[in-house]
Number of protein chains: 2
Amino acid sequence: MDRSSGVPAFRQVAADLRERIVAGEYEPGARLPSERELVDNYGVSRPTIRDAIDLLRAEGRVDAVRGVGVFVRPPTQIERLARSRLSRAARAENKGAFMADAAAKGFTPSSSVKIRFEPADERVAGLLGIEPGTEVTVRDRVMRANGLVVQLAVSRLPRELTRGTVIEEVDTGPGGAYARLEEAGHAIGHYVEDVGSRMPSPEEASTLQLAEGVPVITVTRIAYRQDGLPLEMNDMTLPADRYRLTYEWAAE
Amino acid sequence: MDRSSGVPAFRQVAADLRERIVAGEYEPGARLPSERELVDNYGVSRPTIRDAIDLLRAEGRVDAVRGVGVFVRPPTQIERLARSRLSRAARAENKGAFMADAAAKGFTPSSSVKIRFEPADERVAGLLGIEPGTEVTVRDRVMRANGLVVQLAVSRLPRELTRGTVIEEVDTGPGGAYARLEEAGHAIGHYVEDVGSRMPSPEEASTLQLAEGVPVITVTRIAYRQDGLPLEMNDMTLPADRYRLTYEWAAE
DNA sequence: GGGGGGAACTGGTCAAGACAAGCTGACATG
DNA sequence: CATGTCAGCTTGTCTTGACCAGTTCCCCCC
């Protein structure tokens, strides 16, 4: 502790704890000394210790459990979401990309869907190449693996494309909505995915059961017909600590 | 303020401020009432107000400036990093993917490189398909646009592939390291990118001049020779508020 | 009129104390 | 031996109070 360095005390404490964590002094899953012990160790007040721990929590390094202690967060298991899951071959036998992906990893996947119809706002209209206000079919999905929510997905299609098809039903049948579109003569030409990241809203954090300091990855996928017409857009929200996305392409 | 709801006061204050922000009552760039004013408005103590504001800062919604006030963070401008920048055609005329990308947007790109040689650790060895301990060439780059740091990139190649080439020099010449590899007979077959996200370390936050509550996007790209041999791996770190990644592929 | 100084704001840090709420384990009781 | 209770630990929340440090702007002085 250097009180004359100009660095706030709570940041010095946080830096020291962080060092000990990465150095392995506190192993993954291990409990840190209690706040009151840290008060004695560092010679600062409890709010200062709490400020330091809050910093580490915002960085996603530790979790605090009331009545128990503060623990070093263990490294998280990694899922993969490969774009090859969207191939027609993969669609032939299963219910869709997510179900296939999860099942392949030994998870028990499940998903609940809510369907609604609404006029397209400006963003949706722009991405789907339609007039704002045009009716779109919205499939709002919550995906779970072993009961744990792992992904939110909001899919939107021009209603014109879905009227009278099972895409407006909860169960879209084998291969999912993409398979139904192709059967209806809308062969998919290419996909575009737009990937970003941000901190979750409180609602997202609780829905996805996110620990503190964990961002979400946002993916917007658009599926285009072979003539370039946008068929579907899909806004996905993924917990960043449970997913990595893999993309692969040939050099040109 | 409902003191009997069980919801902590600072969360109620944060929720109320958040609502007003998304409702537009406090416009982007606008100043929130000072902490002491909020103390009067909500009838709670200042640390409670500060806890609420800290929450909004961790969410990336507001920025605090000492001596001035707390401001609603304006929506961030968006860059794009397209994979098509890696095509041979694009390499023909310029110095590399990043330089081309930035120049195309009217930025003045610059980058500083540090080169070193080190034995491969387990992860690097695994990804490059070599034995741990094998010497690799490391190109550690800091990329800037108009002086602002916008990307960190650590590129590693088996030293065997770079010995005697300008890849071990600061300036790799037109088209960058990939062009030199191809000239040396290592035609690139395909690329794989692995995308994730997390909160930055304090060092990353200061190097990338990140505001609070802004995650980083991590991309690990591996370039493979046409026979499948890994040629290069590149660990990139991007500020999530300044980048979105775009991937595009044909349906199969 | 121009410049310097300072008052009055702003957020940043820290202390000491109190009580609430959740968990664990020892201990008494059946 | 099984079970339920409770003491004693943990973190969570909130208060009052104080001082520091950066910014802005007005006012006085030159």
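Chain naming here is simple, since letters A, B, ... match the order of the sequence lines and numbering starts at 1 in each.
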| Given atom CG of B/Asp40 and atom C1' of D/dT16, what is their separation to the nearest angstrom? | 15 Å
| query | Can you list the residues that meet the salt bridge (charged side-chain N to carboxylate O under 4.0 Å, His left out) rule with B/Glu212, with sequence neighbours excluded? | reply | B/Arg57
| request: Kindly write out the residues that satisfy side-chain hydrogen bond (donor to acceptor under 3.5 Å, both in side chains) with B/Ser45, not counting sequence neighbours, or none if the list is empty. | output: B/Thr48
| task | Using the test side chain to side chain contact (heavy atoms under 4.5 Å, CB included), find all partners of B/Glu169 that sit at least two apart in sequence or belong to another chain. | result | B/Val166
| Rounded to whole angstroms, how far apart are CD on A/Gln12 and C1' on C/dG12? | 15 Å
| task | Quick one: list whatever passes side-chain hydrogen bond (donor to acceptor under 3.5 Å, both in side chains) with A/Asn234, sequence neighbours left out. | result | none
| field | Stepwise salt bridge (charged side-chain N to carboxylate O under 4.0 Å, His left out) test for A/Arg198 and A/Glu204 | value | CA-CA 11 Å; A/Arg198 58 176 170 75; A/Glu204 289 170 330; 2.9 Å; yes
| said: Distance check, rounded to the nearest 0.5 Å: A/Arg61 atom CZ versus A/Ile21 atom CD1? | reply: 7.0 Å
| What integer distance in Å separates B/Leu32:CG from C/dT10:P? | 13 Å
| field | Closest nucleotide among D/dT16, C/dA15, C/dT13 to the A/Val44 side chain | value | C/dA15
| request: Figure out the CZ/C1' separation between B/Phe71 and C/dG11, and round it to whole Å. | output: 11 Å
| query | What residues form a salt bridge (charged side-chain N to carboxylate O under 4.0 Å, His left out) with A/Asp40, not counting sequence neighbours? | reply | none
| said: Heavy atoms from C-beta onward define the side chain here; which of D/dT13, C/dC14, C/dG11 lies closest to that of B/Pro8? | reply: D/dT13
| remark: Ordered by number, residues from residues 200-210 of chain A within less than 4.0 Å of DNA chain C (heavy atoms) are none
| request: Specify the separation, in whole Å, of atom CD of B/Glu35 and atom C1' of C/dG11. | output: 5 Å
| message | Taking salt bridge (charged side-chain N to carboxylate O under 4.0 Å, His left out) as the definition, give me every residue that meets it alongside B/Glu25, ordered by chain and number, with sequence neighbours left out. | response | B/Arg20
| query | Can you give one letter per nucleotide of nucleotides 19-25 of chain C, going 5' to 3': B for a protein heavy atom under 4.0 Å from the base, S for sugar-phosphate only, - for none? | reply | --BBS--
| Between residues 50-63 of chain B and DNA chain D, which residues have a heavy-atom gap below 4.0 Å? | none
| NA contact type, A/Thr48, heavy-atom cut-off 4.0 Å: base, sugar-phosphate, or nothing? | sugar-phosphate
| In whole angstroms, how far is the C1' atom of D/dG22 from the CZ atom of B/Arg31? | 14 Å
| said: According to side chain to side chain contact (heavy atoms under 4.5 Å, CB included), who are the partners of B/Glu37, at least two apart in sequence or on a separate chain? | reply: B/Arg31, B/Pro33, B/Ser34
| request: State whether B/Ser34 places a side-chain N or O below 4.0 Å from either non-bridging phosphate oxygen (OP1 or OP2) of C/dT10. | output: yes
| task | Kindly write out the residues that satisfy side chain to side chain contact (heavy atoms under 4.5 Å, CB included) with A/Asp63, not counting sequence neighbours, or none if the list is empty. | result | A/Arg73, A/Ala211
| field | Interatomic distance, B/Phe10 CZ vs D/dG12 C1' [rounded to whole Å] | value | 8 Å
| field | Length of the CD1-C1' vector between B/Ile49 and C/dT13, whole Å | value | 17 Å
| By side-chain hydrogen bond (donor to acceptor under 3.5 Å, both in side chains) - contacts of A/Ser206 (at least two apart) | none
| query | Using a cut-off of 4.0 Å on non-hydrogen atoms, how would the nucleic acid contact of A/Pro47 be classed: base, sugar-phosphate, or nothing? | reply | base
| said: Quiz question: by atom type and distance under 3.5 Å, do the side chains of A/Ser201 and B/Glu59 form a donor-acceptor pair? | reply: no
